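Quick caveat: nothing in here was measured; it's all calculated off a predicted structure.
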Amino acid sequence: MELMDINRDNKLIYQHNVITSGRYDYSACMLDILFMVLSCLEQNKLEYVIHSSDIEAITGRKWNLKQLRESTESIGSRMFEIEWEDENKRKRIRQMWLFEYVEYVEGSGSFKIKINETSKPYFFELKNNFTSLQLKSVLDCSSKYAKRLYAIACQWRSVGTKRFEIRELKQMLGLIDKKGNEQFERISDFKIKVLDIARTQICENTDIELDYELKKRGREFYWVTLHINPQKFKQLEIDFNKSVDVQKFASKLTAYGFNQEQANIIAEKEKEKDFDILITELNEKIRSRKIKPNNTEAYLVGIYQKKGILPIKD
């Protein structure tokens, strides 16, 4: 059975702040590959096997071989750039590639990926210079900008706010290329197509709440301030007047997209083993393309409405 492992879903991954704040343009699928590698890290181990079923089990999204090969090909062609000042206060810029190679075995549903020796320090030598984020949260966001902004927000969650020059943030998100060509030049487009989508997905799918504020310098918008609330979700508080197993089952249900009220109703009336069977059937329907991955939450709610467990809204 391809069931969600709650411990894995709540797993924290650790990303060097150089990667969090670096200037690079990765698609959503490319970022998911990076985050899956981060979730597998073992000290000084450079080669990892990534199974497409792992991300499917967490998010319900299906990867096919064509998507994977296109994404890893793009990773190989995308340069990763970082800036810093040396001991003499001279600006240094390093251009590098995170992975040395990717190897596929046809029919395995997996691929092997090797970390480049040059980028090794940014995977393992974290010390105090890292960002922690939830694997499931970052995978659940479908927008590449939401994934990046979630990671950036996690870097500053203890502070609660972070101000960027708009141009600086755009460079981090890969919206300004080396020639100075800029996507979403109009501030309204940047708001609607990047910031608003990211805010919505982060608030709906992750362990933090994010908002933003734009400020002008003169007549032009120049600054964007991120406001981060890290207290969105609390740990499960046990009510000893109710079954602990039922409460844990309800917590598991919320990880699949049910709101707390729906989860409580289902957990009281449904057996967890029957829910596990339902998820196995759902995974099979996703694989056979009978259900689209982005329709899984509505599908599950519909099942329990047909059973008479959840009310049908007018």
Side-chain angles (χ1 to χ4, degrees), residues 1-12 28 32 35 39 53-62 133-143 146-147 150 197-210 229-314:
M1 291 194 301
E2 296 179 5
L3 298 178
M4 186 183 295
D5 180 345
I6 295 299
N7 290 329
R8 181 179 60 190
D9 298 334
N10 292 333
K11 180 175 183 177
L12 287 177
D32 283 350
F35 292 127
S39 76
S53 59
D54 286 342
I55 193 169
E56 179 184 353
I58 295 173
T59 67
R61 290 198 302 274
K62 176 74 173 176
L133 49 153
Q134 282 191 351
L135 176 62
K136 180 172 175 16
S137 290
V138 77
L139 293 182
D140 274 349
C141 294
S142 59
S143 162
K147 293 176 187 291
Y150 168 68
I197 290 175
R199 176 176 59 188
T200 298
Q201 290 193 8
I202 289 169
C203 290
E204 289 180 351
N205 298 309
T206 79
D207 55 326
I208 65 173
E209 289 180 337
L210 179 71
N229 175 12
Q231 304 298 326
K232 180 180 174 184
F233 294 124
K234 296 181 179 179
Q235 292 183 342
L236 177 64
E237 297 177 358
I238 301 297
D239 180 351
F240 291 98
N241 294 319
K242 296 181 180 180
S243 164
V244 173
D245 288 339
V246 167
Q247 292 178 75
K248 288 182 177 179
F249 181 25
S251 179
K252 177 178 179 177
L253 288 162
T254 61
Y256 281 91
F258 293 102
N259 63 41
Q260 192 63 57
E261 181 182 2
Q262 293 170 333
N264 290 338
I265 293 171
I266 296 169
E268 290 284 353
K269 297 182 179 181
E270 177 81 316
K271 293 181 179 179
E272 187 171 359
K273 66 178 183 180
D274 291 334
F275 177 72
D276 289 345
I277 292 171
L278 174 61
I279 294 302
T280 302
E281 294 172 349
L282 174 59
N283 284 333
E284 183 57 38
K285 289 180 179 180
I286 292 172
R287 277 195 299 274
S288 61
R289 300 186 179 182
K290 294 180 180 178
I291 295 177
K292 294 181 179 179
N294 59 356
N295 289 337
T296 55
E297 292 178 13
Y299 172 81
L300 290 171
V301 169
I303 290 291
Y304 285 106
Q305 287 176 335
K306 290 178 181 177
K307 286 186 175 185
I309 293 176
L310 292 180
I312 299 175
K313 294 183 179 180
D314 296 331

Ignoring hydrogens and angles, tell me if any N or O in the side chain of Gln201 forms a donor-acceptor pair with the backbone of Ala146 under 3.5 Å. no
Within this structure, what is the CD1-OG distance for the pair Ile208 and Ser137, rounded to the nearest 0.5 Å? 8.0 Å
Can you tell me if Asn264 and Glu268 form a side-chain donor-acceptor pair at under 3.5 Å? no
Got a second to check how far Leu253's CG is from Asn259's CG, nearest 0.5 Å? 10.5 Å
Nearest heavy-atom contact between Ala250 and Ala263 is O-CB, 3.4 Å
To the nearest 0.5 Å, how far apart are CD1 in Ile266 and NZ in Lys307? 9.0 Å
Testing the basics here: between Val246 and Ala267, what is the closest heavy-atom pair and its distance to 0.1 Å? O-CB, 3.5 Å
For the pair Glu209 and Arg199, find out whether any cationic side-chain nitrogen is under 4.0 Å from an anionic carboxylate oxygen. no
If you compare all heavy atoms of Leu278 against all heavy atoms of Leu300, which two are closest, and at what distance to 0.1 Å? CD2-CD2, 3.7 Å
Approximate separation, where rounding is to 0.5 Å, of Tyr304 OH and Tyr299 OH: 10.0 Å
Can you tell me how far apart CG (Asn229) and CG (Asp207) are? Round to the nearest 0.5 Å. 10.5 Å
Measure from the side-chain N and O atoms of Tyr150 to the backbone N and O of Ala198, and report whether any donor-acceptor pair falls under 3.5 Å. no
Would you say Lys147's side chain and Asp32's backbone share a donor-acceptor pair under 3.5 angstrom? no
I need the minimum non-hydrogen distance between Leu135 and Phe35, along with the two atoms involved. CD1-O, 3.9 Å
Hey, are the side chains of Asp140 and Thr206 touching, using non-hydrogen atoms and a 4.5 Å cut-off? no
Distance check, rounded to the nearest 0.5 Å: Gln134 atom CD versus Asn205 atom CG? 11.5 Å
Under 3.5 Å: donor-acceptor pair, side chain of Thr280, backbone of Asp276: yes
